[in-house]
Protein chains: 2
Amino acid sequence: MTRIAIDAMGGDHAPREIVKGAVWAALDYNVPIELVGKEDAIKAELDNIARYGIRSNRGGYFRQNIKVDLSKLDIKITHAEEIIEMGEAPGQAIRKKRKSSIVLAVDAVAKGSSDAVVAAGSTGAAMASSLFGLGRLPGIERPAIAVMLPAMKKPFLLLDAGANSSCTPEMLYQFAVMGTTFVKNVYGRKEAKVGVLNIGEEAGKGNELVQNTYKMLEENQNGLNFIGNIEGKEMFQGSCDVIICDGFVGNVALKIIEGSSSMLFKMIQQEFNTDIISKIIGLLAKPFMKRIYKRINYEEFGGALLLGIKGITVIAHGRSTAYAIRNAVRVAKEAVESDVNKKIMEIYQ
Amino acid sequence: MTRIAIDAMGGDHAPREIVKGAVWAALDYNVPIELVGKEDAIKAELDNIARYGIRSNRGGYFRQNIKVDLSKLDIKITHAEEIIEMGEAPGQAIRKKRKSSIVLAVDAVAKGSSDAVVAAGSTGAAMASSLFGLGRLPGIERPAIAVMLPAMKKPFLLLDAGANSSCTPEMLYQFAVMGTTFVKNVYGRKEAKVGVLNIGEEAGKGNELVQNTYKMLEENQNGLNFIGNIEGKEMFQGSCDVIICDGFVGNVALKIIEGSSSMLFKMIQQEFNTDIISKIIGLLAKPFMKRIYKRINYEEFGGALLLGIKGITVIAHGRSTAYAIRNAVRVAKEAVESDVNKKIMEIYQ
């Protein structure tokens with residue numbers, strides 16, 4: 001059965017929210033867990049959960065209070081002495097801290113005691129340790145960070161969301177292949193449409209990278225459902241399943257989506273807080289706002305997938321609460337069980 | 001007195017909304033106008049306005065009904081036989097259609113009958129005709145599209161929002177200089193802070209372009225208040241006055257902001273439309289939503305400025321209604337009257 005290794009020490013709310021999320025996932029998805037981190041700290045959190053259950057804000061709004069019988073769950077602890085902090089240079093840190101929670105979580109997959117990693121700490125460290133510890137899939141030039149983003153009709157996959165600041169058309173082409181394989185197998189999008197994120201719809205638009213990527217996709221459609229360029233405005237209509245771009249553009253895009261939505265929600269809060277009448281209407285409107293928040297909240301999607309490595313690594317948001325970790329574990333489990341990597345390798349062999 | 005030439009035939013709602021917006025601006029800002037386009041069509045619109053006044057949706061929400069006495073306004077018409085359509089290749093189109101409304105509107109500035117151009121049609125055609133008809137400011141490598149965007153504290157200027165798909169660090173440095181000069185003189189931001197749009201805050205982050213731009217800004221701070229890199233999430237807090245990036249990233253960013261906000265508003269409408277109770281609460285909440293919409297609505301900011309040409313060209317949104325055009329004319333007037341170009345030239349001489 002698929003076991004998920006979780007870096008219990010990574011993220012703004014580690015280890016508390018990470019451990020809660022791990023237990024929550026074990027409960028909801030019946031999945032064995034390997035918690036990697038300081039044994040004492042993890043045990044203390046588990047004791048807490050055994051006594052008080054899981055208390056958590058779901059998406060910042062939905063309060064949960066779940067009773068847990070830990071004896072019925074398959075949760076093991078692997079002790080890790082060190083922690084890689086957010087500011088550290090990833091490459092250096094993973095070489096220096098061989099006993100850190102993220103390195104040992106990846107090791108657990110390399111050794112076969114777990115099948116996938118979930119990590120909410122430094123994205124760079126998760127990437128570096130996965131690349132170093134698991135290696136790339138044969139034929140894949142560079143792994144990409146793939147993230148599901150909300151849109152009107154249905155969520156879409158954006159990649160690369162930040163693994164590679166500079167890309168070649170060949171890399172973007174591979175992102176299209178990996179992204180398509182992922183959404184086909186994990187989200188059942190059989191006719192997955194692929195678009196190139198661009199500043200206009202016509203073929204000649206954009207910089208050299210996207211122009212050449214367009215040509216390459218047009219000439220080698222094998223298995224891909226390439227529908228052309230897609231603009232930043234149109235992508236939220238949900239007409240594409242996979243949108244590819246270089247990691248610089250993708251990361252800027254991801255953070256802008258997060259930043260502008262968060263600004264809008266803050267403005268809504270401000271407007272509903274000007275006087276007593278506005279507060280009352282705000283209270284009435286709150287359930288609706290919650291529902292919208294839920295529709296766009298990154299916590300629902302659980303985390304980004306590092307596609308292209310020999311293994312499954314799910315990178316959860318640094319701010320992840322238990323609910324986000326629970327969903328990240330689900331994504332990891334689905335990715336393992338749908339055999340995404342084997343299917344990507346079949347294309348490249 | 002500053003006269004503004006307006007391409008009356010450009011934009012999704014031309015000539016009706018353009019002419020209405022022009023008259024509205026003449027009325028509100030006491031500014032002489034030169035409407036460039038098909039004389040018959042423009043006259044018909046003016047007749048309409050003389051008879052019924054200006055009826056317009058302000059920001060899609062605020063209904064206006066303004067009576068107008070055209071005899072008190074200084075509005076002249078310059079006939080233009082041709083129109084450049086949205087799909088046409090800009091360079092070719094402006095050479096072929098020498099009698100098009102956008103080319104003649106720029107000519108009006110070149111000849112001195114007007115002081116600035118406002119255009120809501122093809123951005124490429126507005127840019128090409130401005131470059132061709134007015135030329136670059138001495139010392140400036142490439143003009144940039146500069147656009148004011150909403151943020152929590154105060155709006156900020158993003159450039160380049162789409163003029164140059166590929167940039168050099170030198171170009172981005174000049175964007176910083178031009179942007180700073182603009183916000184200092186038009187928005188009174190004396191200590192204008194400049195940030196480089198990047199995927200992390202540390203100096204070594206991002207691709208080669210932003211890394212080298214960072215170095216260049218650090219080494220040549222003369223007159224600039226460079227505060228380092230800024231991420232897509234943080235920019236909406238409003239801590240920067242000027243954010244620079246290449247035109248590909250800027251255009252993607254601009255369209256994503258538009259797309260994601262519009263998605264959120266659509267989701268809000270959907271949620272407030274599920275049953276009779278939700279509709280009632282939706283009605284109560286509507287005034288608040290209107291206020292937020294107004295805070296982030298691009299129409300309030302009027303349009304993007306083409307910085308770096310010998311003249312002032314304001315590029316309004318293709319979907320511009322009268323209200324957006326009115327505000328675009330205000331931006332053009334303020335840019336002319338604050339002598340932005342002279343001040344940029346002083347730096348480069």
Side-chain angles (χ1 to χ4, degrees), chain A residues 87 89 149-152 162 165-166 197-200 202 204-211 231-237 245-268 270-272 274 278 280-282 284-285 287-289 291-292 295-296, chain B residues 87 89 149-152 162 165-166 197-200 202 204-211 231-237 245-268 270-272 274 278 280-282 284-285 287-289 291-292 295-296:
Chain A
L149 290 170
M152 287 307 288
S165 286
S166 300
L197 183 55
N198 204 335
I199 60 174
E202 304 85 346
K205 285 278 180 176
N207 54 27
E208 220 179 303
L209 172 65
V210 292
Q211 283 172 13
E231 290 190 68
K233 218 166 13 181
E234 274 68 41
M235 68 185 199
F236 297 100
Q237 289 166 8
C245 58
D246 73 62
F248 186 86
V249 169
N251 196 266
V252 166
L254 184 67
K255 287 172 181 163
I256 284 183
I257 294 168
E258 215 181 310
S260 66
S261 321
S262 136
M263 174 179 71
L264 269 177
F265 275 96
K266 272 183 208 149
M267 285 180 171
I268 290 172
Q270 280 183 349
E271 293 296 340
F272 281 135
T274 46
S278 74
I280 292 167
I281 297 171
L284 290 170
F288 300 94
M289 293 304 144
R291 254 179 278 163
I292 293 154
R295 279 171 77 176
I296 64 150
Chain B
L149 290 171
M152 286 308 288
S165 286
S166 300
L197 183 56
N198 205 335
I199 59 174
E202 303 86 345
K205 285 278 181 174
N207 54 26
E208 219 180 306
L209 172 65
V210 293
Q211 283 172 10
E231 289 189 69
K233 218 166 13 180
E234 274 67 41
M235 69 186 201
F236 298 100
Q237 288 166 10
C245 57
D246 73 61
F248 187 85
V249 169
N251 196 266
V252 166
L254 184 68
K255 286 172 181 162
I256 283 182
I257 294 169
E258 216 181 308
S260 65
S261 321
S262 136
M263 174 179 70
L264 268 178
F265 276 97
K266 271 184 211 150
M267 285 181 172
I268 291 173
Q270 281 182 349
E271 293 296 341
F272 281 135
T274 45
S278 73
I280 291 168
I281 297 171
L284 292 169
F288 300 93
M289 293 303 145
R291 256 179 276 162
I292 293 156
R295 278 171 79 177
I296 63 149

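In the text below, chain A, chain B and the rest are named by the order of the sequence lines, each starting its count at 1.
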Undergrad: Answer whether the closest heavy-atom distance between the side chains of B/Val252 and A/Val252 falls below 4.5 Å.
TA: no
Undergrad: Do A/Leu209 and B/Phe248 have side chains that approach each other closer than 4.5 Å (heavy atoms only, starting at C-beta)?
TA: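 Not in contact.
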Undergrad: Where does B/Asn198 contact chain A at under 4.5 Å (heavy atoms): side chain, backbone, both or neither?
TA: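 For B/Asn198, backbone and side chain are both near chain A.
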Undergrad: Using 0.5 Å steps for rounding, measure from the CZ atom of A/Phe236 to the NZ atom of B/Lys255.
TA: 13.0 Å
Undergrad: Going by atom type alone, with no hydrogens or angles, which donor-acceptor pairs under 3.5 Å involve a side-chain atom of residues 259-267 of chain A and a protein atom two or more places apart or on another chain?
TA:
from: A/Ser260; atom 1: OG; to: A/Ile256; atom 2: O; distance (Å): 3.0
from: A/Ser260; atom 1: OG; to: B/Ser260; atom 2: OG; distance (Å): 3.0
from: A/Ser261; atom 1: OG; to: A/Ile257; atom 2: O; distance (Å): 2.5

Undergrad: Could you give the distance from NZ (B/Lys233) to CG (A/Leu254), rounded to the nearest 0.5 Å?
TA: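 Between atom NZ of B/Lys233 and atom CG of A/Leu254 there are 8.0 Å.
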Undergrad: Can you tell me how far CG of B/Asn251 sits from NZ of A/Lys205, rounded to the nearest 0.5 angstrom?
TA: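 Answer rounded to 0.5 Å: 8.5 Å.
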Undergrad: Using every non-hydrogen atom in the two residues, find where A/Ser165 and B/Asn207 come nearest and quote the distance to one decimal.
TA: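 Answer, listing the atom of A/Ser165 first, then B/Asn207: O-CB, 3.7 Å.
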Undergrad: Counting only heavy atoms closer than 4.5 Å, note whether A/Gln270 contacts chain B via side chain, backbone, both or neither.
TA: side chain
Undergrad: Atom CZ in A/Arg291, atom CZ in B/Phe272: separation rounded to 0.5 Å?
TA: 9.0 Å
